[in-house]
There are 2 protein chains.
Amino acid sequence: MKNAKINIRELGLTKQREVVLQVIRNAEKHLTANEVFDRAKQLLPTISFATVYNSLRFLKDAGHIGEISFGNGASRFDALTSRHDHAICTNCGKLVDMEIELPGEIVELATKFSKFKLESIELTLRGLCPECNK
Amino acid sequence: MKNAKINIRELGLTKQREVVLQVIRNAEKHLTANEVFDRAKQLLPTISFATVYNSLRFLKDAGHIGEISFGNGASRFDALTSRHDHAICTNCGKLVDMEIELPGEIVELATKFSKFKLESIELTLRGLCPECNK
DNA sequence: ATTTAAATTTAGAATAATTCTAATTCCAAA
DNA sequence: TTTGGAATTAGAATTATTCTAAATTTAAAT
């Protein structure tokens with residue numbers, strides 16, 4: 001057989017990028033770039049900070065991960081399973097994933113209104129998480 | 001008559017904060033903190049950068065302005081007229097306000113799902129703006 | 001096997017964005 | 001007036017992210 005070797009570059013998954021993706025997939029919460037770096041370094045001690053950022057961008061552009069960002073502090077990243085929404089606590093910053101089914105008419109309305117070619121759409125709820133609301 | 005003088009501090013509107021608010025209200029687009037600073041300085045040359053940031057936080061907490069933030073670059077601020085949504089171009093960063101009426105059931109669902117005490121909820125559409133889609 | 005060219009990684013510097021600090025000023029109430 | 005608390009100022013400090021240039025890795029071509 002010819003060409004038994006897989007061209008890793010075509011898939012775009014270098015060792016470093018794979019590690020970054022694993023870290024994010026295995027995380028119990030949404031990590032910042034810094035946290036991803038710390039964990040990635042445990043798996044691949046030579047990985048550099050710049051590579052983590054490069055990988056995050058690459059993985060995001062490739063649609064493997066999502067970036068969530070609010071007015072405060074660093075962006076956080078999550079594994080993209082499917083379309084989902086977020087709730088963020090205005091007091092402690094706690095971030096929660098939500099699965100809300102958006103009615104088609106809402107999506108249509110937003111697309112028409114903005115005249116944008118839609119890539120993604122999400123709902124963001126801000127408020128107090130149960131702990132902060134006590 | 002007693003107490004004819006208004007206690008400016010109770011309203012919270014110092015000269016600086018008023019200027020910042022004016023700048024945002026009069027802006028033809030969504031400004032970054034930096035842009036707000038530049039414009040505020042033209043109206044009130046002694047205003048400092050820190051004060052702009054403090055004022056932005058104050059005005060935001062008071063509900064007079066909104067902060068919009070994506071994974072890239074600086075936050076942007078807009079005058080809060082009423083609840084509204086945003087579309088952001090993934091290519092050029094163009095930011096557009098939208099007025100989409102969210103069905104009550106969606107809001108309810110999100111509130112129930114997250115168990116958060118709701119403060120605000122908004123829709124964010126990402127995609128290509130008409131110019132970038134050509 | 002070797003060479004090549006392009007992409008990627010690395011380490012650290014540089015930049016951008018935001019917050020903090022300490023001294024000063026402003027303001028309303030006493 | 002004096003006073004105490006809040007706000008402002010200037011600039012330093014911190015945090016977050018991107019850039020740079022040299023070294024390395026990779027797949028394809030020789």
Figure out the [atom1]/[atom2] separation between [X] and [N], and round it to whole Å.
X: L44(A); N: dA11(C); atom1: CG; atom2: C1'; result: 15 Å
X: L56(A); N: dA16(D); atom1: CG; atom2: P; result: 14 Å
X: E18(B); N: dA7(D); atom1: CD; atom2: C1'; result: 15 Å
X: F37(B); N: dA10(D); atom1: CZ; atom2: P; result: 8 Å
X: L13(B); N: dC26(C); atom1: CG; atom2: P; result: 19 Å
X: R57(B); N: dA17(C); atom1: CZ; atom2: P; result: 18 Å
X: N34(A); N: dT14(D); atom1: CG; atom2: P; result: 15 Å
X: I47(A); N: dG12(C); atom1: CD1; atom2: P; result: 16 Å

Looking only at side-chain N and O atoms, does [X] come under 4.0 Å of OP1 or OP2 in [N]?
X: T46(B); N: dT8(D); answer: no
X: T14(B); N: dC26(C); answer: no
X: Q16(A); N: dT10(C); answer: yes
X: S48(A); N: dA11(C); answer: no
X: Y53(B); N: dT18(C); answer: yes
X: S75(A); N: dT17(D); answer: yes

What nucleotide among [options] has an atom nearest to a side-chain atom of [X]?
X: R17(A); options: dA10(D), dT18(C), dT8(C); result: dT8(C)
X: A33(B); options: dT18(C), dT9(D), dT9(C); result: dT18(C)
X: N54(B); options: dA17(C), dT9(C), dT9(D); result: dT9(D)

Verify whether one side chain among E119(B) and T90(A) offers a donor that lies under 3.5 Å from an acceptor in the other.
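Per modelled atom types, E119(B) and T90(A) side chains form a pair under 3.5 Å.
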Remember a base hit wins even if backbone is also touched, and classify T32(B) as base, sugar-phosphate or nothing at under 4.0 Å, heavy atoms.
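The answer is nothing, as T32(B) stays clear of every strand by at least 4.0 Å.
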Earlier contact from the 5' end, DNA chain D, for G73(B) and A50(B):
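Of the two residues, A50(B) wins.
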Sidechain N-carboxylate O distance under 4.0 Å for K60(A), E67(A)
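Yes, charged N to carboxylate O under 4.0 Å.
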Determine, for E131(A) against K117(B), whether the closest basic-nitrogen to carboxylate-oxygen distance falls under 4.0 angstrom.
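Here E131(A) does not pair with K117(B) in a salt bridge, since their nearest N and O are not under 4.0 Å apart.
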For I100(A), is there any backbone N or O sitting under 3.5 Å from a side-chain donor or acceptor partner on R83(A)?
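Answer holds: yes.
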Quick one, T124(A) with E122(B), criterion side-chain hydrogen bond (donor to acceptor under 3.5 Å, both in side chains). Give me CA distance, side-chain angles, the key distance, then yes/no.
CA-CA 5 Å; T124(A) 305; E122(B) 84 169 274; 5.9 Å; no
